[in-house]
Every structure is written in C-alpha cells, then in structure tokens.
Colleague: 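I have a structure I would like to understand better, so I am pasting it below and will then ask my questions one at a time.
Only this structure's heavy atoms are used, side chains among them; waters, hydrogens and symmetry mates stay out. Below, chain A is the first sequence line, B the second, and so on; all start at residue 1. Quick caveat, the model's predicted, so the values are computed rather than measured.
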Amino acid sequence: MRNETRFEPGLKDSIRRAVRELYGYDTTDAEISLQETRREFEGDVTLVVFPFIKKSGKSPEKTAQEIGTFLTSSNKQVGSFNVVKGFLNLLIDDAYWLEFFRSAVEDPAVLLDLRRHPHLFIPPGHLMVEYSSPNTNKPLHLGHIRNNLLGYSVSEILKAAGHDVRKVNLVNDRGIHICKSMLAWRDFGKGETPESSTLKGDHLVGKYYVLFDKKFKEQTEKLISGGMSREEAEKNAPIQLEIQEMLRKWEAGDVETIRLWKMMNGWVYEGFDETYRKLGVDFDKVYYESQTYLLGKKLVEEGLAKNLFFKKEDGSIWIDLSDEGYDEKLVLRGDGTSVYITQDLGTAQLRFDENPGLEKLIFVVGNEQEYHFKVLKEILRKLGRPWADGLFHLSYGMVDLPSGKMKSREGTVVDADDLIAEITDQAEMITRAQGKLDAYDTFEAKQLYHDLGMGALKYFILKVDPRKRMLFNPAESIDLNGNTGPFIQYTHARICSVLRKGSTLVRGNASGYQSLTGPEKQLLKLIHAYPEMLRNAALGLSPALAAGYSYEVAKAYNHFYHDHIVVDETAPDVSEFRIRLSRLTALVIKESLGLLGIVAPERM
RNA sequence: GGUCCCGUAGCUCAACCGGAUAGAGCAACUGCCUUCUAAGCAGUAGGUUGUGGGUUCGACUCCCGCCGGGAUCACCA
C-alpha cells in the first residue's frame with residue numbers, strides 16, 4: 001500500500017522544509033519517497049534519502065541523520081528516528097495513533113468517507129460500468145463469473161470512493177447464434193419447457209444450442225462422405241441454410257419467429273436472474289442488442305460525410321487506422337447491415353446522450369477484445385466526440401483450468417450454477433462439522449452456507465490482479481483456510497463473538513489508555529490505512545487491493561487476539577480500548593469485504 | 001509475420017512511482033485449545049525473480065536481445 005500520503009500534509013511539508021533549510025533547495029514531490037518501514041526495522045514510515053545526497057554533499061547516513069534531527073524537533077508527530085544506510089526510519093508518536101483512534105471511535109465516517117481527507121479526496125465523477133454482457137444461447141460459466149464479480153466490485157469501490165455509478169448490462173440477445181437454439185428447439189424440442197423439464201431456463205436453451213451443433217456436425221459429415229469438401233458441406237448443411245432463413249425472418253419481424261425468440265429468451269432471463277441473484281450482482285439498466293444493433297449507422301454516415309470513412313466498390317464502409325498502428329477496419333457491411341463496432345459506436349453515443357454529464361464509460365470485457373476497444377475509442381475520437389477519452393476498457397485476463405483453456409466445444413466449461421452449488425455444499429459440510437451454529441434455524445443456516453461459499457469463490461477470484469490470467473482448479477474447489485474469503489469472514493465472526501461478550505464493558509472512549517502494544521499499533525495502523533486503500537482501489541479499478549487489505553487486517557487481528565485478552569472484567573480501561581479497537585477492526589473488515597460483494601457473518 | 005500481454009518458492013498469488021535481506025497462502029515438517037470462536041496462532045524448510053546484456057548509488061520493476069506461453073490482426077461478436 002502506498003504510504004506517501006498517509007501522514008498527511010504534515011510530514012511531507014516538514015521534509016520539504018528540512019531540505020530547504022538544511023541544503024537550501026526546494027524538493028519535488030517525486031523526490032520525497034516515503035514507504036512503510038519494513039518489519040525488521042524499527043519505525044512506521046521510512047524516507048529514502050538518496051535523492052538528497054547530491055545537494056547535501058554528505059553521505060547518505062549523515063544526510064538521513066540531519067533530516068531526522070530536523071524532523072523530530074519540527075514535527076510533533078515524529079517521535080524518534082533511526083538511520084540504516086540511506087534509509088531514515090521515523091517513528092510516529094503513539095499520541096498520533098491514539099488521537100486517530102479516538103476520532104474514529106467518535107465518528108467512523110473518518111474511516112469511510114474520503115471527503116474527510118483532503119489529501120486522499122477524489123473529485124466525484126459520473127460513471128457508467130458495463131459488465132456481464134452474456135449471450136442468450138447458453139448458461140453463464142466461470143469466465144462470466146470473473147466478469148460479473150469484477151464489474152460489481154469495481155462499481156462498489158467507485159461508489160464508496162464517492163462517485164455516482166450506473167451499472168449496466170448489454171445482453172447479446174439476437175443474431176445467428178441465438179437462432180441456433182431456437183431452431184433446434186422448434187424442430188426437436190417437442191414442446192419442452194423449463195417447467196416440464198425441471199431444467200433452469202438458460203440451461204434448457206443451452207441444451208438446444210448444443211443439440212444444434214450436434215445435428216450440424218452430423219449433416220456436414222454426411223455431405224462430406226457424399227463427396228463434398230468440408231467448407232462446402234458446412235455452407236450447405238440443411239440446418240445451416242435454415243438458421244440463415246430464420247435470421248432473415250427475425251429481422252423481417254416474422255410473427256412466429258419473434259414469438260419463439262421472445263419465449264426462449266424469456267426462459268434464459270429467468271435463469272440468468274437466478275444466477276445473478278446468487279452471485280449478488282445487479283444492474284441499474286439492461287440494454288438489449290436487439291434494440292441497439294441498428295444504432296451507429298448515423299455515425300457511419302457522419303464519418304463518411306467528414307471523409308474519415310471511405311466506401312469500397314462493393315458498398316462496404318471502412319476506416320483506415322494504419323497511421324494509428326491499426327489496420328483498415330470495417331464499420332458497415334456492403335449490404336448496409338451493422339457489424340459489432342457499428343453497434344458499439346451507437347450504444348456509446350446513446351449512453352452519453354441519455355446520461356448528461358457522464359464522464360467515464362468503463363467496459364468490463366475480456367482482454368481478447370483489446371483491439372476492438374482501441375479501435376472504438378479511436379474512431380469516436382476522430383469523429384470529434386469529446387467524451388471518447390472517457391471510454392475505458394477494463395481488460396481482464398482469462399480464467400484457465402488445469403487442463404488449459406475452457407472450450408465449450410470440448411465440454412470443459414465450468415458452469416456457473418454448478419460451481420456455486422458445489423462450493424455452497426462444501427461450505428455447508430465444513431460448517432456443520434464445526435458445529436458452532438446450534439442457535440441458527442434452517443433458513444439462517446442456509447443463508448450462511450451460501451454466504452461462505454460465495455465468500456470463498458469471490459475472494460479467490462477477486463484477489464488476483466484483474467489484468468492477469470488466472471488459474472482455477474475446480475477439482476480442488478476452494479480452500480477455506482489461509483488467504484481465503486472464509487478466513488476473513490471467520491475473523492469477523494470471531495470479533496462479533498468477542499463483542500457480544502464484552503459490550504457491557506464499554507462506556508467511555510478509552511481516553512485513559514496511553515501506550516500501545518505492538519499488535520495493537522499494527523492493527524490501528526491498518527485501520528488507519530483504510531481510506532488510502534479505498535482511494536488506490538478506486539484509482540486503479542482494483543478489487544485485488546481491497547482483498548489484500550482485508551486479509552492483512554484479519555491476520556493482524558488474529559495475531560492481536562492470540563496475544564491479548566480483550567474482555568477482562570478486572571481491567572476496564574484496557575478492555576474498553578481493546579473492545580473498541582475490535583469494533584473498528586470489524587468495521588473495516590466488513591466494509592472491505594463489502595467492496596468485494598462478500599458478506600461478513602456474525603457467527604460461523 | 002505485425003501489434004500487445006505474461007514468465008517470481010513444488011502449486012496458487014503479492015511486491016506501490018526503481019529502494020533495505022523478494023513476501024503470503026496451500027502442500028511438507030514442529031509446537032500451541034481447562035481461558036473471549038483452533039476456519040486460529042507461532043515456528044522450520046523452500047528463490048540465480050525464464051535467460052543474456054545495458055542504464056542506475058540501487059533493478060522483480062526501466063531499455064535491448066533471446067527462450068517459453070497466451071491474445072489479437074474477419075463483411076464473427
């Protein structure tokens with residue numbers, strides 16, 4: 001975690017003053033490198049003095065010594081210091097930590113509200129986050145899970161940092177691939193419905209999508225054995241010709257086709273809603289591609305009129321982006337129909353039109369579409385849209401299995417609903433074996449198993465830097481010990497248990513407590529760092545920072561808990577302080593887990 | 001082939017803008033429940049940060065070459 005802003009303007013200003021008075025020049029911010037003191041040395045913050053030695057003309061040790069002496073006498077936050085090579089370790093006085101503790105006890109908003117910290121404050125913006133973006137021809141899988149969890153968490157982080165955030169979904173509900181499941185159901189489904197089959201709607205539709213593929217393969221193989229080339233066979237399989245016909249009918253608004261489409265998509269949406277509910281994600285608005293795919297043609301005309309685009313002989317329209325390091329890019333087909341990017345140009349325009357003041361549009365989409373989003377942004381920029389710079393592709397890495405990539409055709413896809421069920425079952429087994437929940441009724445217990453299972457899954461996925469590929473091993477499922485969601489949830493439940501026992505001992509604000517033990521101070525420092533973590537997570541769009549933070553806090557609390565008696569009738573001052581410290585710890589754990597969409601249970 | 005991303009302990013991941021002896025968890029091994037939740041705590045062991053150069057007081061981090069892996073470059077989305 002960055003520390004340079006942590007001890008607020010005070011410390012940096014003091015350093016600046018020290019350098020000016022001692023060596024007679026003004027430092028730049030970049031030269032003042034503050035970091036957390038490594039555990040093996042004594043201190044809280046460390047100043048790297050190498051940048052100053054040219055001006056001081058003295059050795060690193062001597063320079064550090066001089067700055068340290070200046071700081072202890074000019075800044076009362078600095079209690080003492082020591083020097084190791086070119087590193088000046090500063091010890092922040094306990095009084096500072098205790099003062100912070102009391103202000104947080106009085107008013108927890110000090111922790112949660114960035115407006116309370118001028119040096120951490122981010123000007124609030126009006127943002128939109130698009131995530132999930134499923135196809136309506138098959139159920140959600142592990143890849144979608146990462147997308148959904150990221151999109152939701154990033155939105156929560158941005159909201160917590162003070163932004164106005166709109167979460168949106170863009171459902172890919174039309175097109176030739178959607179027709180595949182429709183056709184297979186119509187011809188082979190015998191009227192099967194989610195009710196009659198007891199299959200979840202999205203799974204039922206997915207079943208017919210797979211069936212289509214099977215029939216298609218059978219037909220092409222047959223044609224190939226009849227002497228046709230593979231390419232020809234794939235073009236001429238009867239079922240292939242039929243879906244093309246179906247898509248034409250759909251686009252022409254054919255009543256029967258539309259009816260079938262609506263019915264089957266309806267099933268899918270019911271299925272998706274259930275999965276979204278289990279994942280705990282939601283949207284302020286859902287866009288449907290069937291309503292947006294025609295948008296964007298006006299922008300194409302505009303680009304043509306401005307000579308940014310050009311028309312080829314066959315009537316197709318292109319933009320030449322070779323000067324920007326990209327290729328020529330098609331923006332409209334020869335027959336005048338939209339391609340993916342046409343639509344995206346249109347929806348971007350629509351969103352900025354619909355949301356006056358919108359500053360940033362964040363697309364949570366896998367990194368295989370990086371090229372697409374670069375091109376999209378570049379085109380909009382060339383079209384003179386001032387908001388084009390506000391487009392941001394939050395490009396996340398794929399989720400790999402031990403066997404390699406997930407391939408739907410090879411049946412190695414990990415289904416989202418199955419995974420959620422398995423993890424929840426596992427959480428239930430382990431929790432029951434612990435036998436700490438006798439007071440819970442069935443409903444509460446079920447809810448808890450779900451919260452724990454999802455805690456494990458969400459933490460596992462979100463703790464990894466979004467940009468990186470990650471590996472998920474379903475066979476080992478998910479650990480519940482160590483650096484995991486349930487470990488942090490457990491710590492929260494543990495604190496709640498302590499608080500239930502000790503709440504009557506708390507009356508004042510522990511003002512009698514004067515000196516901190518090591519573990520107490522460590523915990524307090526981490527609590528103190530919450531706003532800074534929030535700021536960094538928001539600026540970096542990184543749930544991983546919130547995950548890492550919550551883990552650090554949980555570890556520090558368990559250490560503290562192991563070494564100290566919290567509730568002690570015979571030492572009311574100490575108990576009062578430690579109970580209040582526990583309360584603040586529970587608060588930052590609950591908040592940081594909340595940023596990840598993870599519930600912090602009171603018992604487990 | 002062009003462009004981009006990745007390579008850290010047996011495994012999964014950290015390491016802030018270039019800072020000190022590269023950190024956690026899992027797996028392995030040792031201890032700790034008569035005391036507030038042992039889903040815990042403490043410890044041992046595990047590394048030439050893919051590789052070779054360069055820049056720097058200082059490189060996992062920046063630059064160049066190589067090796068290995070991935071993505072992308074559709075009148076698909």
Side-chain angles (χ1 to χ4, degrees), chain A residues 1-4 29-30 33 35-41 46 48-51 53-54 60 84-87 89 133 135 172 175-177 289 312 314-318 325-327 329-335 337-341 343-344 366-372 374-375 395 397-398 400 402 404-405 427 430-431 433-434 436 452 460 463-465 467-473 476 479-484 486-491 493-502 536 540 544-545 548 551-552 554-555 557-559 561-568 575 578-579 582 603-604:
Chain A
M1 233 138 288
R2 287 183 176 194
N3 291 319
E4 62 194 61
D29 261 20
S33 162
Q35 56 182 307
E36 189 159 355
T37 304
R38 294 181 68 96
R39 208 166 291 174
E40 58 265 41
F41 302 103
T46 295
V48 183
V49 301
F50 287 108
I53 59 175
K54 268 186 197 155
V84 181
K85 295 192 274 183
F87 298 90
N89 301 319
S133 316
N135 287 344
N172 186 238
I176 197 108
H177 50 299
E289 196 191 307
K312 289 196 176 174
D314 58 6
S316 59
I317 299 177
W318 298 73
Y326 313 118
D327 303 310
K329 190 79 191 169
L330 177 85
V331 293
L332 199 68
R333 289 195 189 98
D335 62 5
T337 59
S338 298
V339 288
Y340 185 41
I341 199 141
Q343 178 204 171
D344 271 7
N367 61 9
E368 76 271 11
Q369 293 193 35
E370 274 173 9
Y371 183 79
H372 170 77
K374 281 179 186 164
V375 168
S395 165
M398 298 290 101
D400 285 329
K405 264 191 88 161
I430 291 169
T431 308
Q434 300 276 351
K436 293 175 187 169
L452 294 177
F460 186 88
K463 76 172 178 182
V464 181
D465 185 330
R467 294 181 298 267
K468 293 190 178 162
R469 279 186 98 83
M470 64 176 291
L471 192 117
F472 184 90
N473 188 343
E476 292 172 8
D479 288 329
L480 304 178
N481 301 319
N483 186 0
T484 67
F487 166 81
I488 300 158
Q489 291 173 307
Y490 171 77
T491 306
R494 191 183 219 187
I495 297 172
C496 290
S497 169
V498 172
L499 294 177
R500 281 191 293 272
K501 189 181 169 198
N536 289 334
L545 292 181
Y551 177 60
E552 289 299 321
K555 247 193 342 182
Y557 187 85
N558 283 322
H559 180 75
Y561 177 88
H562 182 263
D563 286 6
H564 299 72
I565 294 168
V566 178
V567 179
D568 181 359
S575 293
R578 290 182 181 161
I579 291 165
S582 298
R603 305 170 197 267
M604 64 185 272

Colleague: Look at all strands and tell whether A/Val498 reaches a base, only sugar-phosphate, or nothing, counting heavy atoms closer than 4.0 Å.
Modeller: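 Counting heavy atoms under 4.0 Å across all strands, the contact made by A/Val498 is with sugar-phosphate only.
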Colleague: Is A/Asp344 touching bases, backbone alone, or none of the nucleic acid, heavy atoms closer than 4.0 Å?
Modeller: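 Since no nucleic acid heavy atom lies under 4.0 Å of A/Asp344, the category is nothing.
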Colleague: Taking only residues two or more places apart in sequence or in another chain, which ones pass side chain to side chain donor-acceptor pair (under 3.5 Å) with A/Ser582?
Modeller: A/Tyr557
Colleague: Less than 4.5 Å apart, side chain to side chain, heavy atoms only: is that true for A/Ile579 and A/Val566?
Modeller: yes
Colleague: Please measure how far the C1' atom in B/G68 lies from the corresponding atom in B/U51, and state the result in whole Å.
Modeller: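 Roughly 10 Å separates the two C1' atoms.
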Colleague: Tell me every residue that passes side chain to side chain donor-acceptor pair (under 3.5 Å) with A/Arg603, counting only those two or more places apart in sequence or in another chain.
Modeller: none
Colleague: To the nearest Å, how far apart are A/Met470 CE and B/G70 C1'?
Modeller: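 To the nearest whole Å, that distance equals 16 Å.
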Colleague: To the nearest Å, how far apart are A/Asn558 CG and B/G40 P?
Modeller: 8 Å
Colleague: Does the ring of A/Phe50 lie flat against the base of B/G58, closer than 5.5 Å centre to centre with planes under 30°?
Modeller: no
Colleague: So what does A/Val339 touch, heavy atoms closer than 4.0 Å: a base, only the sugar-phosphate, or nothing?
Modeller: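 Sugar-phosphate, backbone atoms only, no base.
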Colleague: Whole angstrom is fine here: how far is it from OH in A/Tyr326 over to P in B/C73?
Modeller: 14 Å
Colleague: I'd like the C1' distance from B/U48 over to B/A22, given in whole Å.
Modeller: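 That atom pair is separated by 13 Å.
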Colleague: Quick one: A/Asn135 CG to B/C76 P, roughly how many Å, whole number?
Modeller: 16 Å
Colleague: Taking OP1 and OP2 of B/A39, is either one under 4.0 Å from a side-chain nitrogen or oxygen of A/Gln434?
Modeller: yes
Colleague: Using a heavy-atom cut-off of under 4.0 Å over every strand shown, decide if A/Thr431 touches base, sugar-phosphate, or nothing.
Modeller: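 It contacts base atoms.
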Colleague: Taking for each residue the nucleotide of RNA chain B bearing the nearest heavy atom, is the 5' side occupied by A/His564 or by A/Val48?
Modeller: A/Val48
Colleague: If you only use heavy atoms from C-beta on, which nucleotide in B/A38, B/C76, B/G19 is closest to the side chain of A/Arg333?
Modeller: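 Closest nucleotide among those given: B/C76.
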Colleague: Tell me every residue that passes salt bridge (charged side-chain N to carboxylate O under 4.0 Å, His left out) with A/Glu476, counting only those two or more places apart in sequence or in another chain.
Modeller: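 Expected list: none.
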Colleague: If the glycosidic angle sits within 90 degrees of zero it is syn, else anti. Tell me which applies to B/C6.
Modeller: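 That one's anti.
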Colleague: Among all residues two or more places apart in sequence or in another chain, which pass the side chain to side chain contact (heavy atoms under 4.5 Å, CB included) test with A/Ser316?
Modeller: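 Checked A/Ser316 against side chain to side chain contact (heavy atoms under 4.5 Å, CB included); matches are A/Lys312, A/Asp314, A/Trp318, A/Leu330.
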Colleague: Using the P atom on both, measure B/G23 against B/C66 and round to a whole Å.
Modeller: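 Straight-line distance between the two P atoms is 33 Å.
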Colleague: Rounding to an integer number of angstrom, what distance separates B/C11 and B/C67 when you compare their C1' atoms?
Modeller: 23 Å
Colleague: Starting from P on B/A38, measure out to CD on A/Gln489 and report it in whole angstrom.
Modeller: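 So the two atoms are 17 Å apart, to the nearest Å.
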Colleague: Are the ring of A/Phe87 and the base ring of B/A20 both nearer than 5.5 Å at their centres and tilted by less than 30°?
Modeller: yes
Colleague: Using both pair distances under 3.5 Å as the test, note the stems of at least 3 consecutive Watson-Crick or G-U pairs that include RNA chain B.
Modeller: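 For RNA chain B the paired stretches long enough to count as stems (3 pairs minimum) are B:1-7 with B:67-73, B:10-13 with B:23-26, B:28-32 with B:40-44, B:50-54 with B:62-66.
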Colleague: Identify, with sequence neighbours excluded, every residue that meets ring pair (Phe, Tyr, Trp, His ring centres under 6.0 Å) alongside A/His564.
Modeller: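 Partners of A/His564 by the ring pair (Phe, Tyr, Trp, His ring centres under 6.0 Å) criterion, ordered by chain and then number, come out as A/Phe560.
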Colleague: As an exercise, state the distance from OG1 of A/Thr431 to OH of A/Tyr490, rounded to the nearest 0.5 Å.
Modeller: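 One gets 12.0 Å once the value is rounded to the nearest 0.5 Å.
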Colleague: Report which part of the nucleic acid A/Tyr340 touches: base, sugar-phosphate, or nothing (heavy-atom distance under 4.0 Å, all strands).
Modeller: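 If one applies the 4.0 Å heavy-atom cut-off, A/Tyr340 turns out to touch a base.
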Colleague: Need one value for A/Gln369: base, sugar-phosphate or nothing, where a base atom within 4.0 Å counts as base even if backbone is also close, heavy atoms only.
Modeller: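 Contact class for A/Gln369: base.
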Colleague: With a 3.5 Å cut-off and heavy atoms only, can you find an N or O donor on one side and an acceptor on the other between the side chain of A/Thr46 and the base of B/A20?
Modeller: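 Side chain to base: pair present.
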Colleague: Are OP1 or OP2 of B/C41 and a side-chain N or O of A/Arg494 less than 4.0 angstrom apart?
Modeller: no
Colleague: For A/His372, which residues count as a ring pair (Phe, Tyr, Trp, His ring centres under 6.0 Å) partner, sequence neighbours excluded?
Modeller: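 By the ring pair (Phe, Tyr, Trp, His ring centres under 6.0 Å) rule, A/His372 matches A/Tyr340.
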Colleague: Students often get this wrong, so: under 4.0 angstrom with heavy atoms, is A/Met604 touching a base, only sugar-phosphate, or nothing?
Modeller: base
Colleague: Using whole Å, what does the distance between atom C1' of nucleotide B/A77 and atom NZ of A/Lys329 come to?
Modeller: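 To the nearest whole Å, that distance equals 10 Å.
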Colleague: Using whole Å, report how far CG of A/Asp465 lies from P of B/U12.
Modeller: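 The distance from CG of A/Asp465 to P of B/U12 comes to 16 Å, rounded to the nearest Å.
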Colleague: Contact class for A/Val464 (heavy atom, under 4.0 Å): base, sugar-phosphate, or nothing?
Modeller: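 Sugar-phosphate contact only - A/Val464 comes under 4.0 Å of backbone atoms but never of a base.
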Colleague: Would you say the side-chain atoms of A/Asp479 pair up with the backbone N or O of A/Asn481, donor to acceptor, closer than 3.5 Å?
Modeller: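 Absent.
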Colleague: Tell me the interatomic distance from A/Ile341, atom CD1, to B/A77, atom P, rounded to whole angstroms.
Modeller: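 Rounding to the nearest Å, CD1 of A/Ile341 and P of B/A77 are 11 Å apart.
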Colleague: Below 4.0 angstrom from OP1 or OP2 of B/A42, is there any side-chain N or O of A/His559?
Modeller: yes
Colleague: Regarding A/Asp400 and A/Arg469, does a basic nitrogen lie under 4.0 Å from an acidic carboxylate oxygen?
Modeller: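 Here A/Asp400 pairs with A/Arg469 in a salt bridge, since their nearest N and O are under 4.0 Å apart.
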Colleague: NA contact type, A/Asp335, heavy-atom cut-off 4.0 Å: base, sugar-phosphate, or nothing?
Modeller: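 Touches nothing.
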Colleague: Name the nucleic acid region contacted by A/Leu499, choosing base, sugar-phosphate or nothing; use a 4.0 angstrom heavy-atom cut-off, strictly under.
Modeller: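 Answer is nothing: A/Leu499 stays at 4.0 Å or more from every strand.
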Colleague: With P as the reference atom in both, quote the distance from B/U8 to B/U55 in angstrom, rounded to an integer.
Modeller: 27 Å
Colleague: With A/Thr46, which residues qualify under side chain to side chain donor-acceptor pair (under 3.5 Å), at least two apart?
Modeller: A/Thr37, A/Asn89
Colleague: Would you measure the distance from the C1' atom in B/A45 across to the matching atom in B/G2 and give it in whole Å?
Modeller: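 So the two C1' atoms sit 47 Å from each other.
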Colleague: Which nucleotide in the list B/A77, B/C36, B/A20 gets nearest to the side chain of A/His372?
Modeller: B/A77
Colleague: Please determine, for the side chain of A/Pro486, which listed nucleotide (B/A20, B/U37, B/A39) has the closest atom?
Modeller: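 Out of B/A20, B/U37, B/A39, the nucleotide with an atom closest to A/Pro486's side chain is B/A39.
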Colleague: Sequence neighbours left out, what passes side chain to side chain donor-acceptor pair (under 3.5 Å) with A/Thr337? Give chain and number order.
Modeller: A/Arg333, A/Asp335
Colleague: Looking at A/Ile565, is its backbone amide N or carbonyl O close enough to the side chain of A/Arg578 to form a donor-acceptor pair, meaning the two atoms are under 3.5 Å apart?
Modeller: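 Side chain of A/Arg578 to backbone of A/Ile565: a pair is present.
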Colleague: Just to verify, what does A/Tyr561 make a ring pair (Phe, Tyr, Trp, His ring centres under 6.0 Å) with, not counting sequence neighbours?
Modeller: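 Checked A/Tyr561 against ring pair (Phe, Tyr, Trp, His ring centres under 6.0 Å); zero matches.
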Colleague: Ignoring backbone atoms, test whether A/Lys405 places a side-chain nitrogen or oxygen under 4.0 Å from the OP1 or OP2 oxygen of B/A71.
Modeller: yes
Colleague: If you assign each of A/Phe487 and A/Arg603 to its closest nucleotide in RNA chain B, which residue comes earlier from the 5' end?
Modeller: A/Arg603
Colleague: I'd like the C1' distance from B/A9 over to B/G52, given in whole Å.
Modeller: 23 Å
Colleague: Distance check, P atoms only: B/C41 and B/U21, in whole angstrom units.
Modeller: 28 Å
Colleague: Where do N or O atoms of nucleotides 2-11 of chain B meet protein N or O atoms at under 3.5 Å, pair by pair?
Modeller:
none

Colleague: With distance as the sole criterion, is a donor-acceptor pair present between the side chains of A/Ser395 and A/Glu370 under 3.5 Å?
Modeller: yes
Colleague: Taking C-beta and beyond as the side chain, do A/Lys555 and A/Phe487 meet within less than 4.5 Å on heavy atoms?
Modeller: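 Contact flag for A/Lys555/A/Phe487 side chains = yes.
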Colleague: Report, as a single string ordered 5' to 3', how protein heavy atoms within less than 4.0 Å touch nucleotides 21-32 of chain B: B base, S sugar-phosphate only, - not at all.
Modeller: S-SSSS------
